[in-house]
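I have placed the structure first, in the form of structure tokens, so that the comments after it can refer back to it.
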Amino acid sequence: MLKIYNTLSGKKEPFEPLVPKTVRMYVCGVTVYDYCHIGHARSALVFDMIRRYLEYSGYRVEFAKNFTDVDDKIIKRANEQGVSCDQITVKYIQAYHEDMGRLGVRPASIEPKATEHMADIVRLTETLISKGLAYHVNGDVYFEVAKYSDYGRLSKRRLDDLQAGARVEVDERKRHPMDFALWKSSKPGEPAWDSPWGPGRPGWHIECSAMSIRHLGETFDIHGGGMDLIFPHHENEIAQSCGATGKEFARYWIHNGFVQINQEKMSKSLGNFFTIREIFEKSEWSEAETGEMLRYFLLATQYRGPLDFSDQSLKEAKNAVNGFYDLFARLAESDGNASGDEGLSQAIERCRVSFRGAMDDDFNTPVAIAALQGLRSDVNKLLDCGLSTEARKVARGEFRSLGNCLGLFQLDKWQFGPFVVPIGPATETDTAMPITVKSVLADADIERMLQERNEARSRKDFKRADEIRKSLASHGIIIEDKPDGTSRWKR
RNA sequence: GGCGCCGUACCCAAGUGGUAAGGGAGCAGUCUGCAAAACUGCGAUGCAGCGGUUCGAACCCGCUCGGCGCCUCCA
């Protein structure tokens, strides 16, 4: 039985979707005015993992993740660069897909944009006005917080408390300082849409209410995002949506913790962030390996806790993943022995039970990973006894199947060693397509050298054998000799 | 001022009342011509500190220390 920590109740609750076997989930995506950093990556990855595990558990998942493509920051960025807002949003939506794709984050089943839902937004705002929950002032429309008695139930705040520390509000047209904009009249030159209140654009919170209701219905199962969205964004979404429909909005609220640098929140304003593409560009490993390493790193901590980002942690994640692919390399070989076969199904069952137990307990990925590490250890031992080709396939398949929930262990080939930094001054083409020393050695060359080395070994010419080992090592190739006299190699 | 989070071995990280998972790194051993991988063993009498509740606490309560988040755009 899956249990999920619900921010709304502050407790872990048994998860039961409204419609059996179907989960409807909405996650707040990003405002598209810049490249994503690791914090965005964590959030995207956490909900990707949740989606994957729900699917593994037999649910059909209707997963909506929005792009905020109307916003002050977008307008500002467009003005700075002298381009249209569209040019900005198109560019960064594409960049989002590229970056997340490299991380193995699957696209959501629906990726709505605010600009494509203006009719829904206007209609929702009209409903709120007609119900007396919102008011119109000079082309702006505000939600009247005092009219929604449950305001603060998600973030556990009372309106009185909020006022105490709140910055002085300059806008005296508001009836309460915490009233927030549903619709903002546009200034000349800003993107604008027609409305009953004149040309304008939606406030930030209303789009998510409109789009989630449109695509998932008035009441749906899961709503998620980063911790920082709890207030005011999600609090306001609840007020708007429940106010308009009179029904419960999202039933389970899930929020992921921050990525930190030296114990501090990674954020644009602090300037202490690393973009996803920056990590890939600086990585000494291949794109596929870097993606998997990052994934492993980001899922090695439970999603609600803080996660400190550092080169060392990344390196440790890489080493940990290497261990799995070492095993997969052994599993891809064969010997005639099958004495370990009968222990395999038990080991797999043991792993499955603890993997599912962990994931069912509020998506405890670190414990789930520990279960996979247990299987890795068990299979290595069984391999020492001998496993049939069939059993090896079964074992590899299990890693693929469980690993798929985390987006791990799907690669056929894993390259180990670091890429060698290109020699000489970097050029445009160098950064786009790094030429590495190790890639100069073709597989066929390596095989040829290995064969020569093994011939040398068989005639006990270890001096020659070690020369070849050393030569390959200088290209980043590591040789492992097997008991049968042949060798495997890895980069 | 209000609401909330974090502090577990060299590092990462589970555990939230029954006597400290797992990984990485390190060290030792087995195996190996050497090496690598794998396997085996070693590693917190203690979970920031101090009190309290309890037969029993890392886990509950109180206080203290250190770090951080939200209350303004923020994953």
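Lettering of chains follows the sequences in order, A, B, ..., and the numbering in each one begins at 1.
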Base, sugar-phosphate or nothing for [X]? Non-hydrogen atoms, less than 4.0 Å.
X: A/Asp466; answer: base
X: A/His255; answer: nothing
X: A/Arg304; answer: nothing
X: A/Met266; answer: base
X: A/Ser269; answer: nothing
X: A/Lys268; answer: nothing
X: A/Gly257; answer: base
X: A/Ser354; answer: nothing
X: A/Arg376; answer: sugar-phosphate
X: A/Arg42; answer: nothing
X: A/Phe297; answer: nothing
X: A/Phe462; answer: base
X: A/Asp481; answer: base

Of all the nucleotides listed ([options]), which has the minimum atom distance to the side chain of [X]?
X: A/Pro306; options: B/C6, B/G23, B/C70; value: B/C6
X: A/Tyr296; options: B/G23, B/A21, B/U72; value: B/G23
X: A/Glu316; options: B/G23, B/U40, B/C34; value: B/G23
X: A/Thr301; options: B/A13, B/G69, B/C70; value: B/A13
X: A/Leu270; options: B/G69, B/A75, B/A37; value: B/G69
X: A/Gln263; options: B/G69, B/A14, B/G67; value: B/G67
X: A/Asn380; options: B/C70, B/G23, B/C39; value: B/C39
X: A/Val259; options: B/G22, B/C39, B/A75; value: B/A75
X: A/Ala370; options: B/G22, B/A75, B/G23; value: B/G22
X: A/Gln260; options: B/A37, B/C68, B/U72; value: B/C68

With [atom1] as the reference atom in both, quote the distance from [N] to [M] in angstrom, rounded to an integer.
N: B/A37; M: B/G24; atom1: P; value: 11 Å
N: B/A28; M: B/G51; atom1: C1'; value: 43 Å
N: B/A20; M: B/A58; atom1: P; value: 9 Å
N: B/G1; M: B/G43; atom1: P; value: 48 Å
N: B/G46; M: B/U32; atom1: C1'; value: 40 Å
N: B/C71; M: B/C10; atom1: C1'; value: 39 Å
N: B/G41; M: B/A48; atom1: P; value: 29 Å

Will you find, in the side chains of [X] and [Y], an N or O donor that is under 3.5 Å from an N or O acceptor?
X: A/Tyr325; Y: A/Glu292; value: yes
X: A/Gln94; Y: A/Glu98; value: yes
X: A/Asp360; Y: A/Tyr53; value: yes

Donor/acceptor link under 3.5 angstrom from A/Arg469 side chain onto base of B/A35: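 Per atom types, the contact qualifies.
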
Base B/C3 paired with A/Arg158 side chain (donor-acceptor, <3.5 Å):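 There is none.
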
Using Watson-Crick or G-U wobble geometry with both distances below 3.5 Å, tell me the partner of [N], or none.
N: B/G18; value: B/C55
N: B/G66; value: B/C6
N: B/U30; value: B/A38

Residue whose closest nucleotide on RNA chain B lies nearer the 5' end, A/Gly225 versus A/Arg453: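 Final value for this comparison: A/Arg453.
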
Closest-nucleotide 5' rank along RNA chain B - winner of A/Ile479 and A/His40: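 It is A/Ile479 whose nearest nucleotide is closer to the 5' end.
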
Full working for ring-ring contact (aromatic ring centres under 6.0 Å, His included) between A/Phe249 and A/His234: CA-CA 11 Å; A/Phe249 182 45; A/His234 288 163; 8.9 Å; no

Are [X] and [Y] close enough for a salt bridge, meaning some N to O gap below 4.0 Å?
X: A/Arg469; Y: A/Asp481; answer: yes
X: A/Arg392; Y: A/Asp335; answer: yes
X: A/Arg459; Y: A/Glu455; answer: no

Take atom [atom1] of [X] and atom [atom2] of [N], then tell me their distance rounded to the nearest Å.
X: A/Asn454; N: B/G33; atom1: CG; atom2: P; answer: 13 Å
X: A/Lys470; N: B/C34; atom1: NZ; atom2: P; answer: 18 Å
X: A/Asn272; N: B/A75; atom1: CG; atom2: C1'; answer: 14 Å
X: A/Ile50; N: B/A75; atom1: CD1; atom2: C1'; answer: 13 Å
X: A/Asn319; N: B/G22; atom1: CG; atom2: C1'; answer: 16 Å
X: A/Asn262; N: B/C12; atom1: CG; atom2: C1'; answer: 15 Å
X: A/Leu299; N: B/A14; atom1: CG; atom2: P; answer: 12 Å
X: A/Asp326; N: B/C39; atom1: CG; atom2: C1'; answer: 14 Å

A/Phe309/A/Phe297 aromatic ring centres below 6.0 Å: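 A/Phe309 vs A/Phe297: aromatic centres under 6.0 Å.
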
Distance test, side-chain N/O of A/Asn322 to OP1/OP2 of B/A37, below 4.0 Å: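 No, no such contact exists.
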
Any A/Lys265 side-chain N or O less than 4.0 Å from OP1/OP2 of B/C5: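 It does not, given that no N or O in the side chain of A/Lys265 lies less than 4.0 Å from OP1 or OP2 of B/C5.
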
A/Arg396 charged N/C atom sitting above A/Phe328 aromatic ring, 6.0 Å / 45°: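 Because its charged atom sits under 6.0 Å from the ring centre and within 45° of the axis, A/Arg396 does stack over A/Phe328.
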
